[in-house]
There are 2 protein chains.
Amino acid sequence: MMSTTPTRSTAPPSALLYLTDEQLRQGIEAMFFAYRGFTADPDQILEERGYGRAHHRAIHFINCVPGTTVNNLLHILGVTKQSLNRVLRSLIEDKLVRVEVGQKDRRERHLFLTATGKELETALSNAQSARMRDAYRHAGPDAVAGFRKVLEAMMDEDLRKTYTALHEREA
Amino acid sequence: MMSTTPTRSTAPPSALLYLTDEQLRQGIEAMFFAYRGFTADPDQILEERGYGRAHHRAIHFINCVPGTTVNNLLHILGVTKQSLNRVLRSLIEDKLVRVEVGQKDRRERHLFLTATGKELETALSNAQSARMRDAYRHAGPDAVAGFRKVLEAMMDEDLRKTYTALHEREA
DNA sequence: CATTTTATGTCAGTCTTGTTGACATTTCAA
DNA sequence: TTGAAATGTCAACAAGACTGACATAAAATG
(Lines give C-alpha, C1' and ligand atoms only; values in the text may rest on other atoms or scores of the structure.)
Protein backbone atom coordinates (compact mmCIF):
# COMPACT_ATOMS: atom_id res chain seq x y z
CA MET A 1 0.00 0.00 0.00
CA MET A 2 2.60 2.49 1.11
CA SER A 3 4.85 3.39 -1.76
CA THR A 4 7.55 5.05 0.34
CA THR A 5 9.97 3.46 2.79
CA PRO A 6 9.10 -0.21 2.39
CA THR A 7 10.57 -3.04 4.45
CA ARG A 8 10.97 -0.98 7.63
CA SER A 9 10.69 -3.64 10.23
CA THR A 10 11.34 -2.16 13.67
CA ALA A 11 11.64 1.52 14.44
CA PRO A 12 11.56 4.18 11.78
CA PRO A 13 13.59 7.31 12.54
CA SER A 14 11.56 9.96 14.28
CA ALA A 15 11.02 12.01 11.15
CA LEU A 16 9.34 9.06 9.51
CA LEU A 17 7.14 8.07 12.41
CA TYR A 18 3.65 7.53 11.09
CA LEU A 19 1.20 9.33 13.29
CA THR A 20 -2.29 9.38 11.92
CA ASP A 21 -4.96 11.58 13.41
CA GLU A 22 -6.64 8.42 14.53
CA GLN A 23 -3.57 7.29 16.46
CA LEU A 24 -3.31 10.64 18.14
CA ARG A 25 -6.98 10.69 19.04
CA GLN A 26 -6.60 7.26 20.49
CA GLY A 27 -3.78 8.52 22.67
CA ILE A 28 -5.85 11.46 23.83
CA GLU A 29 -8.76 9.26 24.77
CA ALA A 30 -6.49 6.74 26.44
CA MET A 31 -5.24 9.55 28.68
CA PHE A 32 -8.78 10.61 29.48
CA PHE A 33 -10.10 7.18 30.38
CA ALA A 34 -6.93 6.06 32.13
CA TYR A 35 -6.88 9.13 34.35
CA ARG A 36 -10.37 8.24 35.49
CA GLY A 37 -9.13 4.82 36.54
CA PHE A 38 -6.03 6.32 38.04
CA THR A 39 -8.02 8.45 40.49
CA ALA A 40 -10.96 6.12 41.09
CA ASP A 41 -9.55 4.04 43.96
CA PRO A 42 -8.09 6.86 46.08
CA ASP A 43 -11.23 8.92 45.49
CA GLN A 44 -13.28 6.27 47.21
CA ILE A 45 -11.07 6.22 50.29
CA LEU A 46 -11.01 10.00 50.41
CA GLU A 47 -14.77 10.29 50.28
CA GLU A 48 -15.16 7.98 53.25
CA ARG A 49 -13.07 10.38 55.30
CA GLY A 50 -14.52 13.59 53.93
CA TYR A 51 -11.55 14.64 51.86
CA GLY A 52 -11.06 15.29 48.17
CA ARG A 53 -8.44 14.98 45.50
CA ALA A 54 -6.88 18.24 46.56
CA HIS A 55 -6.14 16.75 49.98
CA HIS A 56 -4.67 13.68 48.35
CA ARG A 57 -2.26 15.71 46.29
CA ALA A 58 -1.09 17.70 49.29
CA ILE A 59 -0.63 14.57 51.37
CA HIS A 60 1.19 12.82 48.57
CA PHE A 61 3.80 15.51 48.10
CA ILE A 62 4.26 16.30 51.78
CA ASN A 63 5.02 12.62 52.20
CA CYS A 64 7.31 12.68 49.21
CA VAL A 65 9.21 15.78 50.29
CA PRO A 66 8.96 15.87 54.09
CA GLY A 67 9.62 19.32 55.48
CA THR A 68 8.70 21.07 52.26
CA THR A 69 7.75 24.71 52.60
CA VAL A 70 4.36 26.05 51.66
CA ASN A 71 5.85 27.93 48.73
CA ASN A 72 7.51 24.83 47.37
CA LEU A 73 4.28 22.87 47.63
CA LEU A 74 2.50 25.71 45.90
CA HIS A 75 4.84 25.40 42.97
CA ILE A 76 4.59 21.64 42.74
CA LEU A 77 0.80 21.62 42.87
CA GLY A 78 0.32 24.64 40.66
CA VAL A 79 -2.55 26.20 42.59
CA THR A 80 -3.01 29.48 44.41
CA LYS A 81 -2.07 29.83 48.05
CA GLN A 82 -5.73 30.46 48.92
CA SER A 83 -6.68 27.17 47.37
CA LEU A 84 -3.87 25.25 49.02
CA ASN A 85 -4.46 26.96 52.34
CA ARG A 86 -8.03 25.76 52.52
CA VAL A 87 -6.81 22.20 52.15
CA LEU A 88 -3.84 22.55 54.48
CA ARG A 89 -5.94 24.14 57.19
CA SER A 90 -8.24 21.15 57.41
CA LEU A 91 -5.35 18.69 57.32
CA ILE A 92 -3.61 20.55 60.14
CA GLU A 93 -6.80 20.85 62.19
CA ASP A 94 -7.36 17.12 61.78
CA LYS A 95 -3.75 16.50 62.83
CA LEU A 96 -2.74 14.75 59.63
CA VAL A 97 -0.14 17.41 58.93
CA ARG A 98 2.25 19.01 61.36
CA VAL A 99 3.88 22.41 60.88
CA GLU A 100 7.34 23.46 61.97
CA VAL A 101 8.64 27.00 61.92
CA GLY A 102 11.84 27.20 59.89
CA GLN A 103 15.05 27.22 61.91
CA LYS A 104 17.09 29.22 59.48
CA ASP A 105 14.27 31.34 58.09
CA ARG A 106 11.52 31.70 60.63
CA ARG A 107 9.05 32.95 58.05
CA GLU A 108 8.96 29.56 56.42
CA ARG A 109 6.62 26.80 57.50
CA HIS A 110 7.85 23.25 57.01
CA LEU A 111 5.22 20.57 56.53
CA PHE A 112 5.29 16.99 57.75
CA LEU A 113 2.83 14.14 57.94
CA THR A 114 1.90 12.97 61.42
CA ALA A 115 1.48 9.28 62.18
CA THR A 116 -2.21 9.62 61.33
CA GLY A 117 -1.32 11.44 58.14
CA LYS A 118 1.08 8.69 57.16
CA GLU A 119 -1.63 6.14 57.76
CA LEU A 120 -3.92 7.83 55.28
CA GLU A 121 -1.07 8.35 52.85
CA THR A 122 -0.30 4.65 52.99
CA ALA A 123 -3.90 3.71 52.40
CA LEU A 124 -4.16 6.03 49.41
CA SER A 125 -0.79 5.02 48.06
CA ASN A 126 -1.57 1.33 48.38
CA ALA A 127 -4.82 1.71 46.49
CA GLN A 128 -3.29 3.74 43.71
CA SER A 129 -0.13 1.66 43.52
CA ALA A 130 -2.11 -1.54 43.30
CA ARG A 131 -3.74 -0.43 40.10
CA MET A 132 -0.48 0.91 38.76
CA ARG A 133 1.24 -2.36 39.63
CA ASP A 134 -1.44 -4.42 37.92
CA ALA A 135 -1.23 -2.22 34.85
CA TYR A 136 2.55 -2.54 34.81
CA ARG A 137 2.42 -6.29 35.25
CA HIS A 138 -0.15 -6.62 32.56
CA ALA A 139 1.76 -4.48 30.10
CA GLY A 140 5.27 -5.76 30.79
CA PRO A 141 8.54 -3.98 31.58
CA ASP A 142 9.20 -2.64 28.10
CA ALA A 143 5.79 -1.03 28.06
CA VAL A 144 6.47 0.55 31.44
CA ALA A 145 9.60 2.22 30.18
CA GLY A 146 7.74 3.56 27.17
CA PHE A 147 4.86 4.70 29.31
CA ARG A 148 7.11 6.87 31.46
CA LYS A 149 9.04 8.15 28.49
CA VAL A 150 5.92 9.45 26.77
CA LEU A 151 4.49 10.92 29.96
CA GLU A 152 7.70 12.78 30.68
CA ALA A 153 7.75 14.15 27.17
CA MET A 154 4.20 15.36 27.63
CA MET A 155 4.94 17.52 30.66
CA ASP A 156 5.52 21.25 30.58
CA GLU A 157 9.17 22.14 30.60
CA ASP A 158 9.37 23.45 34.17
CA LEU A 159 7.18 20.69 35.56
CA ARG A 160 9.43 18.10 33.99
CA LYS A 161 12.29 19.65 35.90
CA THR A 162 10.31 19.54 39.11
CA TYR A 163 9.40 15.93 38.41
CA THR A 164 12.98 14.99 37.69
CA ALA A 165 14.25 16.77 40.77
CA LEU A 166 11.83 14.77 42.91
CA HIS A 167 13.38 11.52 41.78
CA GLU A 168 16.95 12.08 40.78
CA ARG A 169 18.33 11.34 44.23
CA GLU A 170 17.21 7.75 44.01
CA ALA A 171 17.89 7.19 40.32
CA MET B 1 20.01 -15.87 38.11
CA MET B 2 16.43 -16.96 37.77
CA SER B 3 16.05 -20.56 38.65
CA THR B 4 12.55 -20.94 37.27
CA THR B 5 11.43 -20.52 33.69
CA PRO B 6 14.75 -19.78 32.07
CA THR B 7 15.32 -18.65 28.49
CA ARG B 8 12.47 -16.16 28.56
CA SER B 9 13.89 -13.60 26.22
CA THR B 10 11.41 -10.73 26.07
CA ALA B 11 9.00 -10.23 28.96
CA PRO B 12 9.53 -11.96 32.29
CA PRO B 13 6.42 -13.57 33.71
CA SER B 14 4.35 -11.14 35.71
CA ALA B 15 5.37 -12.60 39.06
CA LEU B 16 9.02 -11.75 38.44
CA LEU B 17 8.62 -8.11 37.49
CA TYR B 18 10.53 -5.94 39.92
CA LEU B 19 8.40 -3.02 41.01
CA THR B 20 9.77 -0.95 43.83
CA ASP B 21 7.63 1.53 45.69
CA GLU B 22 9.80 4.24 44.23
CA GLN B 23 9.06 3.10 40.69
CA LEU B 24 5.37 3.08 41.40
CA ARG B 25 5.45 6.52 42.98
CA GLN B 26 7.30 7.79 39.98
CA GLY B 27 4.59 6.44 37.74
CA ILE B 28 1.90 8.09 39.84
CA GLU B 29 3.62 11.44 39.72
CA ALA B 30 4.30 11.11 36.02
CA MET B 31 0.57 10.70 35.48
CA PHE B 32 -0.15 13.75 37.60
CA PHE B 33 2.32 16.07 35.91
CA ALA B 34 1.67 14.74 32.44
CA TYR B 35 -2.06 15.25 32.75
CA ARG B 36 -1.42 18.88 33.56
CA GLY B 37 0.52 19.24 30.34
CA PHE B 38 -2.08 17.23 28.49
CA THR B 39 -4.85 19.70 29.31
CA ALA B 40 -2.82 22.92 29.33
CA ASP B 41 -3.03 23.83 25.65
CA PRO B 42 -6.74 23.20 25.07
CA ASP B 43 -7.55 24.94 28.35
CA GLN B 44 -6.07 28.13 27.03
CA ILE B 45 -8.13 28.07 23.86
CA LEU B 46 -11.26 27.24 25.81
CA GLU B 47 -10.79 30.12 28.20
CA GLU B 48 -10.55 32.59 25.34
CA ARG B 49 -13.98 31.49 24.20
CA GLY B 50 -15.58 31.20 27.61
CA TYR B 51 -15.75 27.43 27.75
CA GLY B 52 -14.28 24.84 30.10
CA ARG B 53 -12.96 21.33 30.06
CA ALA B 54 -16.43 19.91 30.28
CA HIS B 55 -17.28 21.55 26.97
CA HIS B 56 -14.12 20.17 25.45
CA ARG B 57 -14.98 16.64 26.44
CA ALA B 58 -18.48 16.90 25.01
CA ILE B 59 -17.20 18.39 21.78
CA HIS B 60 -14.50 15.77 21.49
CA PHE B 61 -16.81 12.81 21.75
CA ILE B 62 -19.60 14.30 19.66
CA ASN B 63 -16.99 14.76 16.96
CA CYS B 64 -15.70 11.26 17.51
CA VAL B 65 -19.13 9.61 17.43
CA PRO B 66 -21.30 11.89 15.29
CA GLY B 67 -24.98 11.32 15.92
CA THR B 68 -24.42 9.89 19.37
CA THR B 69 -27.41 9.99 21.67
CA VAL B 70 -27.46 11.90 24.93
CA ASN B 71 -27.55 8.66 26.90
CA ASN B 72 -24.52 7.30 25.11
CA LEU B 73 -22.58 10.48 25.74
CA LEU B 74 -23.64 10.33 29.37
CA HIS B 75 -22.10 6.91 29.67
CA ILE B 76 -18.88 7.85 27.93
CA LEU B 77 -18.35 10.97 30.01
CA GLY B 78 -19.47 9.46 33.29
CA VAL B 79 -21.39 12.47 34.58
CA THR B 80 -25.01 13.09 35.48
CA LYS B 81 -27.47 14.23 32.87
CA GLN B 82 -27.94 17.50 34.72
CA SER B 83 -24.25 18.19 34.50
CA LEU B 84 -24.03 17.26 30.85
CA ASN B 85 -27.19 19.17 30.03
CA ARG B 86 -25.77 22.41 31.33
CA VAL B 87 -22.85 22.05 28.97
CA LEU B 88 -24.91 20.86 26.01
CA ARG B 89 -27.40 23.69 26.41
CA SER B 90 -24.74 26.34 25.99
CA LEU B 91 -23.15 24.51 23.07
CA ILE B 92 -26.53 24.25 21.34
CA GLU B 93 -27.40 27.88 22.08
CA ASP B 94 -24.07 28.95 20.63
CA LYS B 95 -24.73 26.77 17.59
CA LEU B 96 -21.68 24.60 18.02
CA VAL B 97 -23.85 21.52 18.39
CA ARG B 98 -26.90 20.56 16.37
CA VAL B 99 -29.61 18.19 17.55
CA GLU B 100 -31.61 15.77 15.44
CA VAL B 101 -34.65 13.87 16.62
CA GLY B 102 -34.15 10.15 16.13
CA GLN B 103 -35.79 8.68 13.05
CA LYS B 104 -36.37 5.23 14.45
CA ASP B 105 -36.89 6.24 18.06
CA ARG B 106 -38.17 9.77 18.27
CA ARG B 107 -37.37 10.04 21.96
CA GLU B 108 -33.68 10.01 21.19
CA ARG B 109 -31.70 13.11 20.39
CA HIS B 110 -28.72 12.69 18.10
CA LEU B 111 -25.88 15.15 18.48
CA PHE B 112 -23.68 16.59 15.74
CA LEU B 113 -21.11 19.34 15.51
CA THR B 114 -22.00 22.26 13.29
CA ALA B 115 -19.38 23.86 11.06
CA THR B 116 -18.57 26.27 13.88
CA GLY B 117 -18.38 23.40 16.30
CA LYS B 118 -15.99 21.54 14.04
CA GLU B 119 -13.83 24.63 13.84
CA LEU B 120 -13.42 24.73 17.59
CA GLU B 121 -12.93 20.99 17.73
CA THR B 122 -10.17 21.27 15.19
CA ALA B 123 -8.46 24.05 17.09
CA LEU B 124 -8.61 22.08 20.33
CA SER B 125 -7.58 18.86 18.67
CA ASN B 126 -4.67 20.49 16.90
CA ALA B 127 -3.36 21.96 20.12
CA GLN B 128 -3.67 18.74 22.05
CA SER B 129 -2.42 16.56 19.23
CA ALA B 130 0.61 18.73 18.70
CA ARG B 131 1.81 18.03 22.20
CA MET B 132 0.95 14.36 21.88
CA ARG B 133 2.79 14.17 18.58
CA ASP B 134 5.87 15.84 20.01
CA ALA B 135 5.81 13.49 22.96
CA TYR B 136 5.44 10.50 20.67
CA ARG B 137 8.23 11.66 18.40
CA HIS B 138 10.47 12.32 21.32
CA ALA B 139 9.82 8.97 22.92
CA GLY B 140 9.86 6.80 19.82
CA PRO B 141 7.45 4.19 18.45
CA ASP B 142 8.24 1.46 20.95
CA ALA B 143 7.57 3.83 23.79
CA VAL B 144 4.25 4.79 22.21
CA ALA B 145 3.12 1.20 22.11
CA GLY B 146 4.05 0.75 25.76
CA PHE B 147 2.39 3.99 26.70
CA ARG B 148 -0.94 2.89 25.29
CA LYS B 149 -0.61 -0.59 26.70
CA VAL B 150 -0.16 0.69 30.24
CA LEU B 151 -2.92 3.28 29.94
CA GLU B 152 -5.37 0.69 28.67
CA ALA B 153 -4.49 -1.60 31.53
CA MET B 154 -5.12 1.24 33.96
CA MET B 155 -8.71 1.83 32.86
CA ASP B 156 -11.74 0.50 34.64
CA GLU B 157 -13.10 -2.63 33.04
CA ASP B 158 -16.20 -1.11 31.49
CA LEU B 159 -14.41 2.04 30.37
CA ARG B 160 -11.82 -0.07 28.60
CA LYS B 161 -14.66 -1.67 26.67
CA THR B 162 -16.04 1.73 25.79
CA TYR B 163 -12.60 2.88 24.74
CA THR B 164 -12.03 -0.20 22.62
CA ALA B 165 -15.44 0.09 21.00
CA LEU B 166 -14.65 3.67 19.99
CA HIS B 167 -11.66 2.51 17.97
CA GLU B 168 -12.18 -1.05 16.86
CA ARG B 169 -13.81 -0.04 13.58
CA GLU B 170 -10.60 1.51 12.35
CA ALA B 171 -8.18 -0.99 13.85
C1' DC C 1 17.73 51.95 61.71
C1' DA C 2 14.20 52.49 58.24
C1' DT C 3 12.33 50.44 54.42
C1' DT C 4 11.21 46.96 51.36
C1' DT C 5 10.62 42.34 50.12
C1' DT C 6 9.32 37.60 51.18
C1' DA C 7 6.56 33.90 53.22
C1' DT C 8 2.53 33.09 54.96
C1' DG C 9 -2.37 33.48 56.31
C1' DT C 10 -7.07 35.10 55.74
C1' DC C 11 -11.56 37.22 54.21
C1' DA C 12 -14.84 37.79 50.65
C1' DG C 13 -16.70 36.89 46.33
C1' DT C 14 -16.97 34.39 41.85
C1' DC C 15 -16.83 30.51 38.48
C1' DT C 16 -16.94 25.77 36.71
C1' DT C 17 -18.34 21.47 37.24
C1' DG C 18 -19.76 18.01 39.68
C1' DT C 19 -23.72 16.14 42.85
C1' DT C 20 -28.93 14.90 44.52
C1' DG C 21 -33.86 15.14 44.30
C1' DA C 22 -38.05 16.15 42.18
C1' DC C 23 -40.92 16.65 38.37
C1' DA C 24 -42.66 17.13 33.27
C1' DT C 25 -42.92 15.61 28.49
C1' DT C 26 -42.75 12.76 24.71
C1' DT C 27 -42.59 8.40 22.80
C1' DC C 28 -42.06 3.57 22.56
C1' DA C 29 -43.36 -1.09 24.12
C1' DA C 30 -45.92 -4.55 26.48
C1' DT D 1 -53.91 1.56 28.29
C1' DT D 2 -50.35 1.48 31.17
C1' DG D 3 -45.66 1.53 32.23
C1' DA D 4 -40.95 2.28 31.04
C1' DA D 5 -37.45 4.90 28.64
C1' DA D 6 -35.07 9.15 26.86
C1' DT D 7 -34.78 13.61 27.61
C1' DG D 8 -35.08 18.23 29.75
C1' DT D 9 -35.38 21.34 33.60
C1' DC D 10 -35.60 23.59 38.23
C1' DA D 11 -33.46 24.15 42.63
C1' DA D 12 -30.03 23.55 45.97
C1' DC D 13 -25.59 22.29 47.26
C1' DA D 14 -20.39 21.20 47.49
C1' DA D 15 -15.59 20.91 46.02
C1' DG D 16 -12.08 23.24 44.32
C1' DA D 17 -10.28 26.39 41.48
C1' DC D 18 -9.83 31.66 40.78
C1' DT D 19 -9.12 37.02 41.86
C1' DG D 20 -8.36 40.93 44.82
C1' DA D 21 -7.41 42.99 49.02
C1' DC D 22 -5.35 43.14 53.29
C1' DA D 23 -2.50 41.66 57.58
C1' DT D 24 1.56 39.98 59.97
C1' DA D 25 6.06 38.51 60.91
C1' DA D 26 10.64 38.06 59.62
C1' DA D 27 14.39 38.63 56.63
C1' DA D 28 17.09 41.44 53.55
C1' DT D 29 18.66 45.68 51.98
C1' DG D 30 19.63 50.43 51.81
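Order of the sequence lines fixes the chain letters, A, B, ..., with proteins taken first and strands second; residue numbering starts at 1 for each chain. Quick note: numbers below take in every heavy atom, side chains included, and nothing from hydrogens, waters or symmetry partners. For clarity, every value in this text was computed on a predicted model and none was experimentally measured.
- If you measure from atom CG of Leu74(A) to atom P of dT6(C), you get 15 Å, rounded to the nearest angstrom.
- If you measure from atom CG of Asp43(A) to atom P of dT17(C), you get 18 Å, rounded to the nearest angstrom.
- Within 3.5 Å, a donor on the side chain of Arg107(A) pairs with an acceptor on the base of dT6(C), or the reverse.
- When rounded to the nearest whole Å, the span between CG of Leu88(B) and C1' of dT17(C) equals 14 Å.
- Below the 3.5 angstrom threshold, one finds a donor paired with an acceptor across the side chain of Gln82(A) and the base of dG20(D).
- Distances shorter than 4.0 Å separate some side-chain N or O of His55(B) from OP1 or OP2 on dT17(C).
- Atom pair Leu73(A):CG and dA7(C):C1' shows a separation of 14 Å (rounding to whole Å applied).
- Within the 4.0 Å cut-off from OP1 or OP2 of dA17(D), not a single side-chain nitrogen or oxygen of Arg36(B) is found.
- Applying the 3.5 Å distance criterion, the base of dG18(C) shares a donor-acceptor pair with the side chain of Arg86(B).
- As rounded to whole Å, 11 Å separates atom C1' of dG21(C) from atom NZ of Lys81(B).
- A salt bridge does not link Asp156(B) to Arg36(A): none of the charged side-chain nitrogens sits closer than 4.0 Å to a carboxylate oxygen.
- Taking for each of Gly78(A) and Arg109(A) the nucleotide of DNA chain D with the nearest heavy atom, the 5'-most of the two is the partner of Gly78(A).
- Between Arg106(B) and Ser83(B), the one whose closest nucleotide on DNA chain C sits nearer the 5' end is Ser83(B).
- Taking only side-chain nitrogens and oxygens, Thr80(A) comes nearer than 4.0 Å to OP1 or OP2 of dC18(D).
- You'll find the ring centres of Phe38(A) and Phe33(A) outside the 6.0 Å limit.
- Atom CD of Glu108(A) and atom P of dA27(D) are 10 Å apart (whole Å).
- A heavy-atom distance below 4.5 Å is found between the side chains of Arg49(B) and Leu120(B).
- In this structure, His110(A) reaches neither bases nor backbone, as no heavy-atom distance under 4.0 Å exists between it and the strands shown.
- Taking CG from Leu113(B) and CG from Leu96(B), the interatomic distance works out to 8.0 Å, rounded to the nearest 0.5 Å.
- Atom pair Arg89(B):CZ and dT17(C):P shows a separation of 14 Å (rounding to whole Å applied).
- Listed pair Asn85(A) / dT8(C) fails the phosphate criterion, with no side-chain N or O lying under 4.0 Å from OP1 or OP2.
- Listed pair Asn71(B) / dA5(D) fails the phosphate criterion, with no side-chain N or O lying under 4.0 Å from OP1 or OP2.
- Under the 30°/60° scheme for interplanar angles, the aromatic rings of Phe147(B) and Phe147(A) are found to lie parallel.
- When the P atom of dA6(D) is taken as reference, atom NE2 of His75(B) falls 13 Å away, rounded to whole Å.
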